[in-house]
Structure formats: C-alpha cells, structure tokens
Amino acid sequence: MVNVFQSIRWTLISTVIRRAMVFGLFFYLTRELSGVDIGLFGVYTRLLGIFTLVSLLSLDYLYIVDKENSKKIFATMTVTGLLLSVVFIVLLYCFAPLLAKLYNEPVLYRLIRWTAPILLVHVIRRVLKTAIKREFRFPLLSVIETANVTFYCMATVFFITIYPSVITLLICFFTGDLLEIGLILWHTRRNWMHRELIPGGFRALGGILRVHRIFLTNLTV
C-alpha cells in the first residue's frame, strides 16, 4: 500500500511539473513562432494522438496485468507496434497531399513526408514505458519523463531563437523522446528485456528504416 501511495505521489508531482513547463513553453512560442507554425504543430500532434490510440492495440495493458506470459506478450506488443507504425506511415504518405489541401498548408505535406518515420521512436518509447510500469517503478518513470520534458523545453527555447520553425520544435520533441528511451534502456540494462528483445527490436527498426528510404527515393523519382 505504501508503494501505491508513493507511486501516486510521484506521478502526480511529475505530471504537474511537466504540464507547467509545457504551458510556459507554448506561451513563449506564441511570441517566437508564427501562427502557421503553431497550427502545423497542432495538426501533427493530433495525428500523433490518433496513432497513439491504436499503436499497441491495448497489448500494453495486457502485458501489465498478465504475469504468466510476459515475454510472449512483450514480443507481440513490440512487433505489433512496429508493424502498425509502418502501416500508419504508409497511410500518412498516401494522405499527406489530401491533408495539406484540407488545411490549406502545402508545408504540411513536406513535414509529414520527412518526419513520418520518427513515429517509430514514439512506439519504442511507449513499449519501454510499459515495461517500467509493469515493474511498478513509477518514481523512476516520473523522473525520466520529467527529464524528457525538461530537455525538450530547454532545447526548444535555445534553438528556436536560432531557427524559428516548426521543424525545430519537432526535432526537439523527438530528441527528448530519444533521451527518454536511452534513460530507460540504461536503467533496464540488466533486465531480460534489454538483453533479448531490445536488440531484435532495433534490428527490425533498421529494416523498416531501409524500406522507408527506398520508398522515399521512389517518391522523388
């Protein structure tokens, strides 16, 4: 029971701090970026939100509660997330021109085209966070998530003055996610998840990125 209350306390404090930092950041960005850039980032985050809802098909919840088939469920969840990422990326490529016309923003097409593969980073981050939650290490997860948002906010404030663009915002956003992935891998380096499944996951990721490069080359021809 003590661990439960401790986890709730850490999660609540971390959530309040992160929301406050993000609120302050976007208040700052309203003065540094154009309305078009902020609107493009809003559209992108909405697409990311839709992707988040379907990316793991609720297998993350099953992995947390099932104690007997954890390795199989984790492997299934990882592969499912990566495969659905590829499907969603292909759909984004197909519908990017339509979305650009719908929002009357030609830049949105190029933005989606060049950043769609980064969604894979988001899936890997979700998978690893689920593994941390299953171990009930919410204090650790809260610290790592706060570090991610702190880095994202500080990097954005610094680089946005050099290159004020939605691209800068997205690069800092996903670089923070990469930082979070690195911290989780560091803290699970002695775990079976890190020794057995993560290397295989990154090999799969490398293959997916090679397919993306070929697909992108064909689009430019």
Side-chain angles (χ1 to χ4, degrees), residues 39-66 69-103 105-134 148 166-167 169-182 184-185 193-194 196-221:
L40 286 172
F41 185 75
V43 172
Y44 197 94
T45 53
R46 282 193 288 273
L47 292 174
L48 184 62
I50 295 171
F51 171 67
T52 301
L53 288 175
V54 300
S55 58
L56 299 181
L57 296 179
S58 298
L59 288 171
D60 48 342
Y61 299 107
L62 180 60
Y63 174 68
I64 290 173
V65 300
D66 193 319
N69 304 300
S70 58
K71 288 189 178 183
K72 290 182 180 180
I73 296 174
F74 187 87
T76 303
M77 177 178 63
T78 304
V79 172
T80 299
L82 291 175
L83 290 177
L84 286 178
S85 299
V86 174
V87 172
F88 198 78
I89 289 169
V90 172
L91 289 176
L92 283 177
Y93 277 126
C94 294
F95 289 99
L98 179 62
L99 289 171
K101 290 181 180 179
L102 180 65
Y103 288 96
E105 288 295 342
V107 180
L108 183 61
Y109 171 70
R110 295 195 299 272
L111 186 67
I112 292 175
R113 180 180 176 184
W114 291 106
T115 61
I118 305 179
L119 294 177
L120 293 167
V121 173
H122 189 70
V123 169
I124 294 172
R125 171 175 167 261
R126 280 200 66 198
V127 168
L128 295 178
K129 284 176 63 175
T130 301
I132 293 290
K133 290 177 181 178
R134 185 178 184 274
N148 174 0
V166 66
I167 295 294
L169 198 56
L170 287 174
I171 290 174
C172 293
F173 178 78
F174 283 108
T175 304
D177 283 355
L178 285 173
L179 172 65
E180 186 171 323
I181 290 172
I184 293 176
L185 288 175
M193 175 187 71
H194 180 263
E196 299 176 17
L197 292 179
I198 298 304
F202 277 107
R203 285 194 294 270
L205 175 61
I208 291 171
L209 289 176
R210 285 193 292 272
V211 172
H212 159 259
R213 187 171 63 249
I214 295 172
F215 186 70
L216 193 61
T217 303
N218 291 335
L219 283 179
T220 57
V221 174

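These figures come from a predicted structure and were not determined experimentally.
Residues meeting the side chain to side chain contact (heavy atoms under 4.5 Å, CB included) test with V107, sequence neighbours left out: L40, R110. With sequence neighbours excluded, the residues that form a side chain to side chain contact (heavy atoms under 4.5 Å, CB included) with I112 are L47, L92, A96, L99, L108. For F88, the ring pair (Phe, Tyr, Trp, His ring centres under 6.0 Å) criterion is met by F51, not counting sequence neighbours. In this structure R126 satisfies the salt bridge (charged side-chain N to carboxylate O under 4.0 Å, His left out) test together with D60, sequence neighbours excluded. With sequence neighbours excluded, the residues that form a side chain to side chain contact (heavy atoms under 4.5 Å, CB included) with T80 are L57, L59, T76, L84. With sequence neighbours excluded, the residues satisfying side chain to side chain contact (heavy atoms under 4.5 Å, CB included) with L179 are F151, L183.
N148 contributes atom CG, which lies 5.0 Å from atom CG of D177 (distance to the nearest 0.5 angstrom). In this structure, CG on L178 lies 12.5 Å from NE2 on H122, to the nearest 0.5 angstrom. Of the inter-residue distances, the one linking Y109 atom OH with K101 atom NZ reads 11.0 Å to the nearest 0.5 angstrom. With rounding to the nearest 0.5 angstrom, the CG atom of L83 is 10.5 Å from the OG1 atom of T78.
Listed here is the closest heavy atom pair of C94 and P97: O-CD, 3.6 Å. Between P106 and A100 the shortest heavy-atom distance is CA-CB, 4.3 Å. Looking at every heavy atom in both residues, I184 comes nearest to K129 through CD1-CG, 3.9 Å.
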Notebook entry, point to check: Would L111 and L170 count as a side-chain contact (heavy atoms from CB on, under 4.5 Å) if you check the C-alpha gap in whole Å, the side-chain angles of each, and the deciding distance to 0.1 Å?
Noted result: CA-CA 10 Å; L111 186 67; L170 287 174; 3.4 Å; yes
